[in-house]
> 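Pasting in a structure now, in structure tokens, and then I'll have a few things to ask.
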Number of protein chains: 2
Amino acid sequence: MAIDPSADRPVYKQLADLIRARIEEGDLRPGQRLPAESDYVAEFGISRDSVRRAMAVLRGEGLIITELRGSRVRDAGEAVTVQISPGTQVGARMPTEPERKQLGVAEGVPILVITDPGGETRLLPADRTIARAGDEA
Amino acid sequence: MAIDPSADRPVYKQLADLIRARIEEGDLRPGQRLPAESDYVAEFGISRDSVRRAMAVLRGEGLIITELRGSRVRDAGEAVTVQISPGTQVGARMPTEPERKQLGVAEGVPILVITDPGGETRLLPADRTIARAGDEA
DNA sequence: ATTAATTTGTACGTATGTATT
DNA sequence: CAATACATACGTACAAATTAA
């Protein structure tokens, strides 16, 4: 499979589709290092700009983590289960950048907003937290 | 307040901070149109590239919506409350691009993943859904 | 209704900085 | 020290869609 610059779908989305498929098929496993941006530039004859846009898409989906030494497939990690009692509400949204930094959440990871009946809210990283209805310990 | 290209913090993040502050202070209200990219280019003497990166940050935080005719402050909209019975789990993550399209979710909006005790899962847009523990209809 | 202007989307290039190897 | 790799930031150009004239 290759990338068609003349296709309707933008080059960077085509590349994102391609890499996403490789991840979902297990061709690229959690924790595994992705090829360097320059590798994709060479492999498909596209600009680094397009490669970086594709990476940004995948980061936004929480599928990869990009660090200075390269990108790797994100490992979901073990989630902690939080018991929530009746009346408690659970929502989710993306953190703002200051919140993200404060909570130590990776890019592309939402936060769970858990509001007790009393009105107090907790913000928890959604990649490490599952809310479970039920009182029993 | 202005933008300092020689500061440690990247120009695009400085601009994102600035616009975010204007939104949070109510200077830019929900539904209101943001200035065009070219306006920010002119106002701060920075590249369009930097402006677009700033917009991408704010989109990723779910603060703004960008369409072809411009960006506007996102209106949270009314959320639907979903009752979840004991044993039901609630998580959240970002949708992949195909999922986002299928569910009709805006960029920067996570999805709630609600798993019944039976194992069946529902995907719901987090900007329009609140999960609430409790059985009563 | 056609045209022109506006605005964002995509995509290329180049350059420099910074951290890691 | 040098090579690698990503981050930022400038530039240009054209396409596509919407809005205004």
Side-chain angles (χ1 to χ4, degrees), chain A residues 2-20 28 31-74 97 100-101 106-108, chain B residues 2-20 28 31-74 97 100-101 106-108:
Chain A
I3 283 175
D4 176 12
S6 69
D8 271 356
R9 192 160 177 77
V11 169
Y12 79 96
K13 288 190 180 176
Q14 289 184 53
L15 179 57
D17 291 342
L18 197 148
I19 298 175
R20 191 188 301 113
L28 290 168
Q32 186 178 338
R33 185 94 174 296
L34 264 69
E37 293 174 347
S38 56
D39 292 333
Y40 286 116
V41 169
E43 182 176 356
F44 298 108
I46 59 182
S47 73
R48 193 185 158 206
D49 184 77
S50 299
V51 176
R52 286 183 61 71
R53 283 170 193 274
M55 296 300 189
V57 167
L58 299 172
R59 265 200 308 280
E61 294 174 359
L63 291 178
I64 67 170
I65 299 285
T66 302
E67 293 151 323
L68 277 176
R69 66 131 182 295
S71 295
R72 57 187 169 76
V73 180
R74 194 169 74 84
E97 221 236 44
R100 196 172 68 73
K101 224 179 136 186
E107 266 187 88
Chain B
I3 283 174
D4 177 12
S6 68
D8 271 356
R9 192 159 177 78
V11 169
Y12 78 96
K13 288 190 180 177
Q14 289 184 54
L15 179 58
D17 290 343
L18 197 149
I19 298 174
R20 191 189 302 112
L28 290 169
Q32 186 178 339
R33 186 98 174 295
L34 264 69
E37 294 173 349
S38 54
D39 292 332
Y40 286 117
V41 169
E43 181 176 356
F44 298 108
I46 59 182
S47 73
R48 192 184 160 205
D49 184 77
S50 299
V51 176
R52 287 184 60 71
R53 283 171 193 274
M55 296 299 189
V57 168
L58 298 172
R59 267 199 305 279
E61 293 173 359
L63 292 179
I64 68 172
I65 300 284
T66 301
E67 292 151 323
L68 277 176
R69 66 138 182 292
S71 295
R72 56 187 168 77
V73 180
R74 194 168 74 84
E97 219 237 42
R100 197 171 67 73
K101 223 180 137 186
E107 268 187 87

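By convention in this document, chain letters (A, B, ...) are assigned in the order of the sequence lines, proteins followed by strands, and residues within each chain are numbered from 1. Worth saying up front: this structure is predicted, and the values here are computed from it rather than measured.
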> Can you name the closest pair of heavy atoms from B:Leu15 and B:Val51 and give their distance?
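Where B:Leu15 meets B:Val51 most closely, the heavy atoms are CD2-CA, 3.8 Å.
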> In whole Å, I'd like the distance from the CD atom of B:Glu37 to the P atom of D:dT18.
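Atom-to-atom, B:Glu37 to D:dT18, this comes out as 16 Å.
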> Taking the minimum atom-to-atom distance to the side chain of B:Ser47, which one of D:dT18, D:dC6, D:dG11 wins?
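Shortest atom-to-atom distance from the side chain points to D:dG11.
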> Please give, in whole Å, the distance from D:dA9 C1' to B:Leu15 CG?
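Checked: the CG to C1' distance equals 13 Å.
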> Heavy-atom nearest nucleotide on DNA chain C for B:Ala36 versus A:Val11: which residue maps closer to 5'?
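On the 5' side of the pair lies B:Ala36.
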> Identify the heavy atoms of A:Ile46 and A:Val11 that sit nearest to each other, and give their distance.
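For A:Ile46 and A:Val11, the tightest heavy-atom pair comes out as CG2-CG1, 3.6 Å.
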> Under the rule for side chain to side chain contact (heavy atoms under 4.5 Å, CB included), what residues qualify as partners of A:Arg59, not counting sequence neighbours?
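Counting only residues at least two positions away or on another chain, A:Arg59 forms a side chain to side chain contact (heavy atoms under 4.5 Å, CB included) with A:Met55, A:Ala56, A:Ile64, A:Thr66, A:Glu107.
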> Looking only at non-hydrogen atoms, find the nearest pair between B:Ala16 and B:Leu58 and report the distance.
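The answer is O-CD2, 3.8 Å.
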> Whole Å only: how far is the NZ atom of B:Lys13 from the C1' atom of D:dT8?
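Checked: the NZ to C1' distance equals 10 Å.
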> Listed by chain and number, what are the side chain to side chain contact (heavy atoms under 4.5 Å, CB included) partners of A:Ala106, not counting sequence neighbours?
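Side chain to side chain contact (heavy atoms under 4.5 Å, CB included) list for A:Ala106, sorted by chain: A:Ile65, A:Val109.
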> Compare every heavy atom of A:Gln14 with every heavy atom of A:Arg9, then report the nearest pair and how far apart it is.
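Heavy-atom minimum between the residues: O-NE2, 2.7 Å.
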> Looking at residues at least two apart in the chain, or sitting in another chain, which of them share a side-chain hydrogen bond (donor to acceptor under 3.5 Å, both in side chains) with A:Ser38?
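side-chain hydrogen bond (donor to acceptor under 3.5 Å, both in side chains) check on A:Ser38 returns nothing, list empty.
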> Of all nucleotides in DNA chain C that come within under 4.0 Å of a heavy atom of chain B, which is furthest toward the 5' end and which toward the 3' end?
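Under 4.0 Å from chain B, the extent on DNA chain C is C:dT7 to C:dT10.
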> Roughly, in whole Å, what's the span from CG in B:Leu68 to P in D:dT19?
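It is 10 Å, rounded to the nearest whole Å.
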> Work out which heavy atom in B:Tyr40 is nearest to a heavy atom in B:Pro35; give both atom names and the distance.
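The pair with the smallest heavy-atom distance is OH-CD, 3.2 Å.
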> Within residues 48-57 of chain A, find the residues that approach DNA chain C with a heavy atom at under 4.0 Å, and present them sorted by residue number.
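A:Asp49, A:Ser50, A:Arg53 - these, ordered by number, are the residues of the stretch whose heavy atoms sit under 4.0 Å from the strand.
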> Excluding sequence neighbours, so at least two apart, what forms side-chain hydrogen bond (donor to acceptor under 3.5 Å, both in side chains) with B:Arg20?
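Here the qualifying residues are B:Asp17, B:Glu61.
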> B:Phe44 CZ to D:dC10 P: how many Å, rounded?
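Taking CZ of B:Phe44 and P of D:dC10, I get 13 Å after rounding.
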> Return the value, rounded to whole Å, for the distance between atom CZ of A:Arg69 and atom C1' of D:dA3.
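After rounding, the reported distance stands at 17 Å.
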> Please report, rounded to the nearest Å, how far the P atom of D:dA7 is from the OH atom of B:Tyr12.
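These atoms are roughly 8 Å apart.
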